[in-house]
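Everything on this sheet refers to the single structure shown next.
Since this is a predicted model, take the numbers as computed values, not measurements.
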Amino acid sequence: MMSARIKLRIKIIENAILRLNEYKVNTISKILYSLLCYLIQIAIWKSLLHSKADIYPNMVQYVFFSMCLSVFVCYDTNYVPVIGGRVVYGDIAGDLLRPVSFRTFYFFDFLGTVVFRFFLNLIPLILISRFIMHINVTVYRPLESILSFFLACILYFLISYTMGVLSFWYVSIGQLHILLDSSITLFSGSNIPLWIIPKWLMPVYKLLPFRYLYYEPINIILGKNDSPAEIILGQIIWIIFFLILSQILFRAGINKIEVQGG
């Protein structure tokens, strides 16, 4: 028999799916937006790499998988404004009365978003790309690739959740939102593969968690990394780090509210 805890978490996922299903236009526009971005990026790389025919096919596949990941790891699935808004406007008081922890509730809400976008964004996107746009791609390590993709989504949620919790001290939610989105654009390899980045900059990229959101998972798919276990381990380590950090910040933030009589 299914426990009450599991039922509650499934219900959170269902509610997230139902909420997203109300905005069908957004679903269609997301697919069209992803395809348009793909075509634009391919056109740009084609013009830049016209003399490097050996690199161009790899870039086409890289951009395609980046497009697939962007269905889940993107500006409009960023939880900074969601978490930050609850904190800044005082709605967190009601959230704390739920029979599930604050972070758990929004994590399963995010999982609902992932499930919804998988079936109604990613699958149509792949089908259109394959049978209409005739994009051919090869996945070298299916199991490791799927696991790494999923871990990238979890890591992204935890990073955005942690940034949202900073709203206890920094009320400019919009700036936190933009900061995270800009950092991902610059350091994750979502638009520019890190193999193009100058070597003297790579130590900076390796110190940050963002490469585990796009660059490293895509490298596993393309067979450009001989040690996918190291990448997956790196993702897990960062996930644990943000699990601990977010909990510390959340507890400190709650204590701050209680001390101030909020």
Side-chain angles (χ1 to χ4, degrees), residues 9 12-13 16 62 65-84 101-118 121-122 139 141-167 176-194 197 202-222 224-225 227-250:
R9 285 155 174 74
I12 296 170
I13 293 174
Y62 187 96
F65 288 116
S66 176
M67 175 183 69
C68 291
L69 253 176
S70 70
V71 171
F72 311 107
V73 182
C74 59
Y75 189 83
D76 53 351
T77 56
N78 186 329
Y79 268 67
V80 170
V82 178
I83 306 300
S101 72
F102 187 74
R103 184 175 62 194
T104 300
F105 176 85
Y106 285 104
F107 175 68
F108 279 91
D109 183 80
F110 175 71
L111 282 186
T113 301
V114 169
V115 171
F116 177 86
R117 291 196 167 207
F118 177 81
N121 286 123
L122 183 61
V139 178
R141 299 176 182 269
L143 294 178
E144 292 94 334
S145 299
I146 292 171
L147 177 58
S148 186
F149 258 52
F150 184 65
L151 290 175
C153 292
I154 295 175
L155 177 58
Y156 174 68
F157 166 78
L158 288 171
I159 293 174
S160 66
Y161 174 85
T162 304
M163 293 284 286
V165 172
L166 290 176
S167 308
L176 290 173
H177 191 182
I178 293 170
L179 174 62
L180 178 56
D181 187 63
S182 300
S183 298
I184 291 172
T185 301
L186 287 172
F187 299 111
S188 70
S190 59
N191 296 319
I192 302 176
L194 301 192
I197 300 298
M202 281 307 295
V204 177
Y205 282 79
K206 289 183 177 180
L207 284 174
L208 300 172
F210 302 111
R211 64 191 175 98
Y212 290 105
L213 299 178
Y214 278 91
Y215 177 72
E216 299 295 5
I218 295 174
N219 267 354
I220 293 177
I221 295 175
L222 298 179
K224 288 186 172 295
N225 192 302
S227 304
E230 290 183 10
I231 302 304
I232 292 170
L233 178 61
Q235 289 176 304
I236 292 172
I237 290 172
W238 277 110
I239 286 171
I240 293 172
F241 172 80
F242 281 105
L243 275 171
I244 296 171
L245 179 61
S246 63
Q247 188 65 10
I248 292 172
L249 291 174
F250 182 76

Test your reading of the model: is there a side-chain donor-acceptor pair from [X] to the backbone of [Y], 3.5 Å cut-off?
{"X": "Ser66", "Y": "Tyr62", "answer": "no"}
{"X": "Arg117", "Y": "Val71", "answer": "yes"}
{"X": "Tyr214", "Y": "Val73", "answer": "yes"}

If I compare all heavy atoms of [X] with all of [Y], which pair ends up nearest, and what's the gap?
{"X": "Val80", "Y": "His177", "result": "CG1-N, 3.7 Å"}
{"X": "Gly164", "Y": "Ile83", "result": "C-CG2, 3.8 Å"}
{"X": "Ile231", "Y": "Tyr212", "result": "O-CE2, 3.6 Å"}
{"X": "Leu208", "Y": "Trp238", "result": "C-CZ2, 4.1 Å"}
{"X": "Asn225", "Y": "Ser227", "result": "OD1-N, 2.7 Å"}
{"X": "Leu179", "Y": "Met163", "result": "CD2-CE, 3.8 Å"}

Find out whether [X] and [Y] are in side-chain contact, i.e. whether some heavy atom of one side chain is under 4.5 Å from a heavy atom of the other.
{"X": "Ile248", "Y": "Ile244", "result": "yes"}
{"X": "Ser160", "Y": "Leu180", "result": "yes"}
{"X": "Leu166", "Y": "Thr162", "result": "no"}
{"X": "Phe72", "Y": "Phe118", "result": "yes"}
{"X": "Tyr161", "Y": "Phe242", "result": "no"}
{"X": "Ser190", "Y": "Leu213", "result": "no"}

Tell me which donor-acceptor pairs under 3.5 Å the side chains of residues 142-151 have, and how far apart each pair is, sequence neighbours excluded?
| from | atom 1 | to | atom 2 | distance (Å) |
| --- | --- | --- | --- | --- |
| Ser145 | OG | Arg141 | O | 2.5 |
| Ser148 | OG | Gln235 | OE1 | 3.0 |
| Ser148 | OG | Gln235 | NE2 | 3.3 |

Heavy atoms from other residues, nucleotides or ligands near CD of Glu230 exceed 12 (cutoff 6.0 Å):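 No - once you tally the heavy atoms of other residues, nucleotides and ligands closer than 6.0 Å, there are 12 at most.
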Side-chain donor-acceptor pairs under 3.5 Å in residues 152-159, sequence neighbours left out?
| from | atom 1 | to | atom 2 | distance (Å) |
| --- | --- | --- | --- | --- |
| Tyr156 | OH | Cys74 | O | 2.5 |
| Tyr156 | OH | Asn78 | N | 3.3 |

Inter-residue atom distance [X].[atom1] - [Y].[atom2], 0.5 Å rounding:
{"X": "Ile184", "Y": "Asn191", "atom1": "CD1", "atom2": "CG", "answer": "11.0 Å"}
{"X": "Arg211", "Y": "Met202", "atom1": "CZ", "atom2": "CE", "answer": "6.5 Å"}
{"X": "Phe65", "Y": "Leu69", "atom1": "CZ", "atom2": "CG", "answer": "10.0 Å"}

Report all side-chain donor-acceptor pairs from residues 103-116 shorter than 3.5 Å, counting only partners two or more places apart or in another chain.
| from | atom 1 | to | atom 2 | distance (Å) |
| --- | --- | --- | --- | --- |
| Arg103 | NH1 | Leu243 | O | 2.7 |
| Arg103 | NH1 | Ser246 | OG | 2.8 |
| Thr104 | OG1 | Ser101 | OG | 2.6 |
| Tyr106 | OH | Arg86 | NE | 3.2 |
| Asp109 | OD1 | Arg19 | NH1 | 3.0 |
| Asp109 | OD1 | Arg19 | NH2 | 3.4 |
| Asp109 | OD2 | Arg19 | NH2 | 3.3 |
| Asp109 | OD2 | Tyr79 | OH | 2.4 |
| Thr113 | OG1 | Asp109 | O | 3.3 |

